[in-house]
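Below: the structure, in structure tokens.
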Amino acid sequence: MKPAPFNYHAPSTTEEAVGLLAELGSQGRILAGGQSLFQLMNFRVVKPENLIDINPVSELDYIRVDDGTLAIGARTRQSALERSTEAARHSPLIVEAVKNVAHPSVRNRGTVGGSVAYADPASELPAVVLTSGGEVVLTGADGQRTLSAGDFFRGPYTNACSPDELLTEVRLPRWPDGTGHAFLEFQRKHGSYALVGTAVLVHLDGESIDRVAISLCGVDQTPVRASRAEDLVRGNVPSDGLFEEAAAEATSDLHPLPDVKGSAAYRLKLARVYVRRALELAVSRAKGERP
Amino acid sequence: MSEHRRIAVVVNGTPYEAEVETRKYLAEFLREDLSLVGTHIGCEHGVCGTCTVLMNGVSVRSCLVLAVQANGAEVMTVEGLATDGQMHPLQEAFREKQGLQCGYCTPGMLVRAYELLEENPEPTAEWVREGLANNLCRCTGYQYIVEAVLAAAERLRGSSVAEGQPFEPATSSRTNQEA
């Protein structure tokens with residue numbers, strides 16, 4: 001057995017889970033799909049004294065549209081999101097992105113809320129929530145609060161959840177009909193961690209771009225929204241030159257960490273190429289030229 | 001602090017009840033408590049797929065699921081493939097096509113291949129290749145495994161589509177590097 005011993009709690013409702021968090025404080029740790037947490041526990045990087053397993057909390061397993069917002073329960077499996085026609089209609093971006101998360105057997109356990117709460121800077125779903133202008137719902141013993149993605153991701157593997165709060169829902173607003181999307185990432189081999197990923201949403205008003213969002217993952221301490229590149233693109237007619245300029249701007253102030261898989265300079269170069277390609281793809285989809 | 005729980009789980013159609021330590025993984029439970037040693041343990045952190053089993057009909061890494069989390073579940077391991085001493089067509093095909101060398105990854109490959117064919121009985125080579133990227137093999141280069149899965153798919157469909165299979169020989173340079 002690899003993990004250090006722990007006490008195991010299996011609440012069946014959100015209320016029970018939040019009650020346990022309130023009682024255990026920083027001694028309690030939420031177990032969602034376990035596809036990242038068990039890795040850390042096996043290497044004894046973390047040794048939680050109490051695991052609060054939310055897998056039995058079936059009320060957090062849902063994908064639904066509330067008032068034009070796609071609401072995804074935290075315990076929803078990534079594989080369910082991947083197959084959801086409701087999600088594909090509302091946010092094809094998140095469905096395209098989730099297919100890049102590891103492998104099918106991992107997505108059969110991995111959850112949407114777990115992936116977002118883990119706040120891995122190289123991870124796909126946090127970047128999508130940021131791009132879409134999404135929010136997360138945090139539930140504590142004293143009630144709920146809703147945070148924008150920009151306020152939620154604080155640093156590598158660090159989010160704005162208090163120790164007594166549980167991330168219960170991820171919310172993605174609907175972009176207008178005709179929005180083009182693209183999620184592209186570079187992996188050294190199929191299903192492995194992304195060196196660089198980029199998520200783009202684009203809407204055209206006639207010939208020119210009237211709404212745009214560009215985010216990157218794997219290139220800084222958190223997923224990053226490329227606001228200045230968005231400003232540069234907005235109001236303009238798409239062209240190769242414009243995409244190139246935007247890609248240069250989007251990657252002008254990033255601080256990727258070098259590791260064995262690639263230097264910082266290599267990641268920046270990749271990021272620039274991927275932003276350009278994602279813009280091209282999203283615009284061609286917005287024009288209806290590509291599926 | 002060493003916490004134990006009583007669990008009930010159905011494995012390959014047989015119900016079991018056992019007392020397990022909460023930190024014991026499903027893979028360890030299958031091997032150590034039930035002596036179902038067909039499920040191999042490789043990387044022990046969810047990367048290699050050798051410990052793949054079906055839990056309630058879908059594949060999981062049994063090194064990243066606790067035994068207590070399988071309480072009430074139905075599990076299928078590689079031992080569940082053969083029936084009445086007869087190997088499953090996938091197992092036959094792996095033998096015939098030499099879809100293994102050292103055999104360490106084979107239990108996970110077979111379970112994943114079973115899931116793939118349940119999902120799509122008429123797969124293309126490309127689709128099988130992508131589906132098997134879920135599991136690592138360090139010997140075969142995957143080519144014979146893909147051929148074995150396609151051959152098994154054909155056998156499972158019966159003889160109705162014997163000819164003209166989407167069976168692509170290794171022509172492109174990427175075939176050995178996919179997974």
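Values in this document were obtained by computation on a predicted structure and should not be read as measured data. So you know, we letter chains A, B, ... as the sequences are listed, proteins then strands, and number each from 1.
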[X] atom [atom1]: more than 12 heavy-atom contacts under 6.0 Å:
X: Q86(B); atom1: CD; value: no
X: E74(B); atom1: CD; value: no
X: Y193(A); atom1: OH; value: no
X: E15(A); atom1: CD; value: no
X: Q98(B); atom1: CD; value: no

Answer with side chain, backbone, both or neither: which region of C43(B) has an atom nearer than 4.5 Å to a non-hydrogen atom of chain A? neither
Where does T22(B) contact chain A at under 4.5 Å (heavy atoms): side chain, backbone, both or neither? both
Need one label for A10(A): side chain, backbone, both or neither, based on atoms under 4.5 Å from any heavy atom in chain B. neither
Which atoms of L31(A) are under 4.5 Å from chain B, going by heavy atoms: the side chain, the backbone, both sets, or neither? side chain
Counting C-beta onward and ignoring hydrogens, is there a side-chain heavy-atom pair between [X] and [Y] closer than 4.5 Å?
X: N108(A); Y: E115(B); answer: yes
X: M41(A); Y: R23(B); answer: no
X: Q39(A); Y: E44(B); answer: no
X: Q69(B); Y: P56(A); answer: no
X: N42(A); Y: L64(B); answer: yes
X: T52(B); Y: S105(A); answer: yes

Quick one: are the ring centres of H45(B) and F38(A) less than 6.0 Å apart? no
When rounded to the nearest 0.5 angstrom, what is the spacing between OH in Y8(A) and CD in E21(B)? 14.0 Å
Walk me through it: do H190(A) and R129(B) pass the test side-chain contact (heavy atoms from CB on, under 4.5 Å)? CA-CA 11 Å; H190(A) 188 89; R129(B) 193 172 290 283; over 6 Å; no
Where is the tightest heavy-atom contact between A133(B) and H103(A), given as atom of each residue plus distance? O-CE1, 3.0 Å
